[in-house]
Amino acid sequence: MVVVARSRSRNGWFVWFSLLFALLLSVAPLPEFMAVGRPLWLPLLIAYWLLAAPQWIGMTRVWLLGLAADVLYGTPLGQNALVLALIVFMLLSLHQRLRMFPVWQQSLVLLVVFGLAQLVQLWLNTLTGNRPPTLLFLFPALVSALLWPWVFTIMRWFSRLLRVH
Amino acid sequence: MRLLVLTVLSVALMVVDARFDTLKPLRGNLAQVITPFYWLAERPLRLWEGVSQQFSRRDELIAENEKLKAEALLLQRRLQKLATLTEQNVRLRELLNSAALVDEQVLVSELIGVDPNPFTHRILIDKGEKDGVFLGQPVLDALGLMGQVVEVMPYTARVLLLTDTTHSIPVQVNRNGLRAIAVGTGNPESLELRFVADTADIKEGDLLVSSGLGQRFPAGYPVATVKEVIHDSGQPFAVVRAVPTARLNRSRYLLLVFSDRRSPEERAVDAALAQEAADREAAQGGAAAPTPDAANPSGPAATPPANPLAAPATQASPPTAGRSAAANPAAPSAAHPAAAPATQASPSAAGRAAAANPAAPSAAHPPTAPATQASPAAAGRSAATNSTAPAPAAAPAGGAR
């Protein structure tokens with residue numbers, strides 16, 4: 001990090017702004033053939049901030065954000081909240097190692113984490129009767145993992161610019 | 001530890017949300033804050049559309065204008081025929097003793113968002129509780145049924161489309177009335193008919209219309225056209241695939257249908273009341289001078305000199321009396337929605353008019369308004385149709401009595 005502990009945690013608004021922007025992206029209209037592979041923007045951003053500035057983002061906050069996502073998507077309240085909380089839990093338990101990994105390796109770990117999250121999502125969806133007939137539900141996890149290096153780079157650039165940490 | 005608490009909390013929330021209504025207000029309030037996201041997310045796209053429209057070329061616009069004019073002309077021609085057809089339809093239905101199919105009220109709404117999950121077919125529209133949208137309300141586009149409202153928020157509502165895997169709709173083949181259930185497949189271009197016997201008379205190109213049997217969708221709206229029928233001797237039922245007529249993934253403007261929400265009992269009571277009032281007035285007015293049936297070339301079996309002015313069941317000429325007597329026994333029983341036909345202005349039309357418009361009962365009064373009395377459709381409908389309908393309508397209706 002370029003800026004070393006000189007400033008206390010500042011620019012926390014940017015964290016929340018980026019998360020809300022991710023929420024926005026997650027409902028942005030996409031052409032039909034791309035909709036199947038819609039990246040998991042919210043988990044991606046949460047993963048980034050957990051690695052970069054964990055003091056801004058805790059499991060409870062993410063859970064609340066998940067509730068907002070539920071209202072937005074029209075899923076039963078708590079579904080996305082639970083899934084996001086699980087993602088945070090997995091990432092926190094991998095936190096120490098994940099920070100040391102090169103980006104492509106982080107990508108691999110995230111692929112697994114997101115895949116598990118999608119699986120939980122699938123189970124919860126099945127309870128309300130929406131079961132996709134194929135394995136396509138894993139596709140977003142793959143797309144998100146492939147996007148991770150780009151997200152990571154762009155977000156690091158932004159957070160250095162704004163000195164978020 | 002915290003994960004445990006949150007997990008338990010989420011599960012509890014999910015169960016409560018799925019089973020009870022207690023969280024609905026909270027959801028509604030949150031939704032009010034959050035749904036602008038959909039609007040915001042669409043902005044760039046809309047902006048682009050706006051810009052490209054600004055710069056569309058003049059000759060393109062002219063061409064489009066011409067096309068629209070031609071289309072309007074075609075539609076207007078059809079509309080001209082519609083007046084007489086509706087009239088005829090109401091009359092025939094009257095003979096059949098069934099409730100008249102009346103124009104439902106509709107509300108235009110705009111699509112504001114699509115569910116981000118590609119496996120569920122749900123959309124968000126810009127009308128909500130404040131506009132009178134209710135749970136289970138049918139939604140149409142210009143070409144057919146689209147789906148039903150599944151979640152109502154203060155200013156928005158969520159619509160489940162026909163093709164969602166959790167959606168089914170009772171339909172019938174327009175050609176012969178064969179009933180079936182059309183189930184969503186998760187593909188926006190395809191519906192599947194379940195449990196259609198291998199020998200059933202259904203073939204490629206058949207139009208499927210809603211049958212109204214589920215008590216949720218109004219009857220008679222186009223739903224889909226049959227694309228293929230596969231007879232596989234290994235399968236117990238024929239595999240029937242159909243393409244929805246509505247443009248489920250392309251329509252921007254949708255129609256919310258407000259059908260008559262009175263129960264059949266209420267409708268029957270209203271009809272009976274209107275009937276009684278009309279009878280009373282007819283009795284007071286006495287038998288009006290029997291006017292000869294206005295010479296009516298088109299009147300089919302219109303021979304009986306039925307008196308179009310005063311034709312309560314009791315004093316009608318013999319043949320008509322026989323007919324109305326046959327129809328009448330059902331009248332007192334409240335279970336029959338349109339049980340009191342054949343005598344005065346169509347009961348359902350009159351009853352509806354009575355509910356909708358205080359002026360109507362007097363219009364149904366025989367001596368005052370012969371034209372309206374004779375033409376039930378006109379009685380129930382607006383004055384606009386009145387101007388065109390009476391002339392052709394009055395004569396055959398008189399014959400029917």
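All chains are named by letter (A, B, ...) in the order of the sequence lines, taking the proteins before the strands, and each is independently numbered beginning at 1. Keep in mind that this is a model prediction, so the values were computed, not measured.
Residue A:Leu72 comes nearest to B:Tyr38 through the heavy atom pair O-OH, 2.8 Å, listed as atom of the first residue, atom of the second, then distance. Looking at every heavy atom in both residues, A:Thr75 comes nearest to B:Arg27 through O-NH2, 2.8 Å. Here the closest non-hydrogen pair linking A:Ala35 and B:Pro118 is O-CG, 3.5 Å. Among all heavy-atom pairs drawn from A:Pro76 and B:Asp17, the shortest one is CA-OD2, 3.4 Å.
Chain B forms the most heavy-atom pairs under 4.5 Å with one residue out of A:Leu77, A:Val71, A:Leu82, and that residue is A:Leu77. When each of A:Asp70, A:Leu20, A:Leu30 is checked for heavy-atom pairs under 4.5 Å with chain B, A:Leu20 comes out on top.
Neither the backbone nor the side chain of A:Leu25 comes within contact range of chain B; no heavy atom of the residue lies under 4.5 Å from a heavy atom of that chain. Using a 4.5 Å cut-off between heavy atoms, B:Leu45 touches chain A through its side chain atoms alone.
Within 6.0 Å of CZ in B:Arg252 there are more than 12 heavy atoms belonging to other residues, nucleotides or ligands.
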Tell me which donor-acceptor pairs under 3.5 Å the side chains of residues 111-124 of chain A have, and how far apart each pair is, sequence neighbours excluded?
unit_1: A:Gln118; atom_1: NE2; unit_2: A:Phe137; atom_2: O; d: 2.9
unit_1: A:Gln121; atom_1: OE1; unit_2: A:Gln79; atom_2: NE2; d: 2.8
unit_1: A:Gln121; atom_1: NE2; unit_2: A:Asn80; atom_2: OD1; d: 3.2

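Within residues 85-109 of chain A, the residues that have a heavy atom under 4.5 Å from a heavy atom of chain B are A:Ala85, A:Leu86, A:Phe89, listed by number.
No option in B:Leu13, B:Leu30, B:Ile34, B:Leu26 other than B:Leu13 meets the side chain to side chain contact (heavy atoms under 4.5 Å, CB included) test with A:Leu67.
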